[in-house]
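Reading through the structure tokens given below for one structure.
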Amino acid sequence: MLELKDICYQVDGKEILKNVNLKIDDNMFVVLTGPNGGGKSTLAKIIAGIETPTSGQIVLDGVDITNWSVTERANGGISFAFQQPVRFKGITVKDLIALASGENLSTAAACGYLAEVGLCAKDYIDREVNDSLSGGELKRIEIATVMARKTKLTLFDEPEAGIDLWSFKNLIDVFEKLHEEIKGSIFIISHQERILNIADQVVVISGGKVTQVGTKDQVLPMLFGVETGCKFFKEA
Ligand SMILES: Nc1ncnc2c1ncn2[C@@H]1O[C@H](COP(=O)(O)OP(=O)(O)OP(=O)(O)O)[C@@H](O)[C@H]1O
Ligand SMILES: [Mg+2]
């Protein structure tokens with residue numbers, strides 16, 4: 001279980017996260033949503049160790065990991081797929097997936113992960129993870145690398161961004177399968193109703209505060225206006 005205790009984060013005197021308290025139980029599918037600029041990506045980066053909270057504690061399975069580095073957290077079972085994926089010049093897709101898996105992965109197994117995210121493996125496996133890949137291709141490759149890691153907590157920051165809607169259903173299947181296979185927790189930042197609909201728990205962050213936490217049946221009716229179908233968020 002991951003626990004965030006009273007997490008505050010300030011930059012240049014600006015409060016970006018204000019006393020965030022949250023528990024992510026084992027084997028949960030949690031979706032974090034809320035308005036642009038609300039603090040979602042910042043919170044994910046704090047969990048992954050990319051940013052350090054100004055105050056508060058992060059506890060993973062009873063161990064205080066607040067001061068752990070990104071690498072220590074990655075080794076401790078946390079994976080993170082960025083809102084804007086990073087490119088790795090000089091590294092091939094095959095090598096990146098193998099590196100992520102932490103084992104001597106066969107080409108066939110690496111191709112299997114690419115196929116799962118809807119990429120024709122033979123066209124991508126030997127390509128470099130550089131600027132020549134489109135945004136959507138890069139996003140899919142990043143999802144494949146995170147899947148290969150099979151950690152107990154996987155964070156995805158807006159995985160749907162840049163992914164065409166025609167193959168979006170497949171992507172949802174990928175998350176459900178990953179959740180089923182690794183028996184770990186999945187924490188997805190998303191604005192997509194289709195992703196919110198498969199959540200065990202929905203968390204809303206607005207103005208740097210957690211404003212709602214509950215099952216999708218408890219939270220979604222408050223997010224989506226029933227009559228108009230239009231989406232709104234309560235101000236923090
Ligand atoms: N290093 C920084 N310096 C100044 N402001 C920052 C910094 N990092 C984040 N912020 C601000 O903190 C707020 C929260 O940013 P964050 O990226 O977490 O939002 P978000 O909820 O992920 O939004 P979106 O839905 O647009 O991705 C924003 O107003 C952002 O401009
Ligand atoms: Mg964001």
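Read the numbers this way: they start at 1 and go in the same order the structure lists the ligands and their atoms.
Considering backbone and side-chain atoms together, Gln83 places an N or O closer than 3.5 Å to an N or O of ligand 1. Of the polar atoms of Gly37, at least one N or O is found under 3.5 Å from an N or O of ligand 1, judged by distance alone. Among the atoms of Leu43, none of the N or O lies under 3.5 angstrom from an N or O of ligand 1.
Against a heavy-atom cut-off of under 4.0 Å, Glu158 is close to the following atoms of ligand 1: 25 (O), 27 (O). Atoms of ligand 1 found under 4.0 Å from any heavy atom of Gly39, numbered from 1 in the order shown, are 14 (C), 18 (O), 19 (O), 20 (P), 21 (O).
Remark: Asp123 CG is packed, more than 12 non-hydrogen atoms of other residues, nucleotides or ligands lying under 6.0 Å away. Heavy-atom contacts from other residues, nucleotides or ligands closer than 6.0 Å to CD of Glu72 number more than 12.
Metal site remark for the Mg ion (ligand 2): Thr42 contributes no N, O or S atom at a distance under 2.8 Å. With 2.8 Å as the limit, Gln83 counts as an N, O or S neighbour of the Mg ion (ligand 2).
Remark: Ser79 OG to Phe187 CZ distance equals 14.0 Å, nearest 0.5 Å. Rounding to the nearest 0.5 Å places CD1 of Ile195 at 6.5 Å from CG of Leu171.
At a heavy-atom cutoff of 4.0 Å, ligand 1 is contacted by the side chain of Ile16 but not by its backbone. Heavy atoms of Asn36 found under 4.0 angstrom from ligand 1 belong to the backbone as well as the side chain.
Judged by the shortest distance from any of its heavy atoms, Lys45 lies outside the 4.0 Å radius around the atoms of ligand 1. For the pair Lys14 and ligand 1, a heavy-atom separation below 4.0 Å is found.
The six-membered or imidazole ring of Phe175 lies near that of Phe156, with a centre-to-centre distance under 6.0 Å.
Of the N and O atoms on the side chains of Ser41 and Gln83, at least one donor lies less than 3.5 Å from an acceptor on the other residue.
Cluster annotation: Leu119 is connected to Ile125 through the hydrophobic network of ILVMFWY side chains, with a link wherever side-chain heavy atoms come within less than 4.5 Å.
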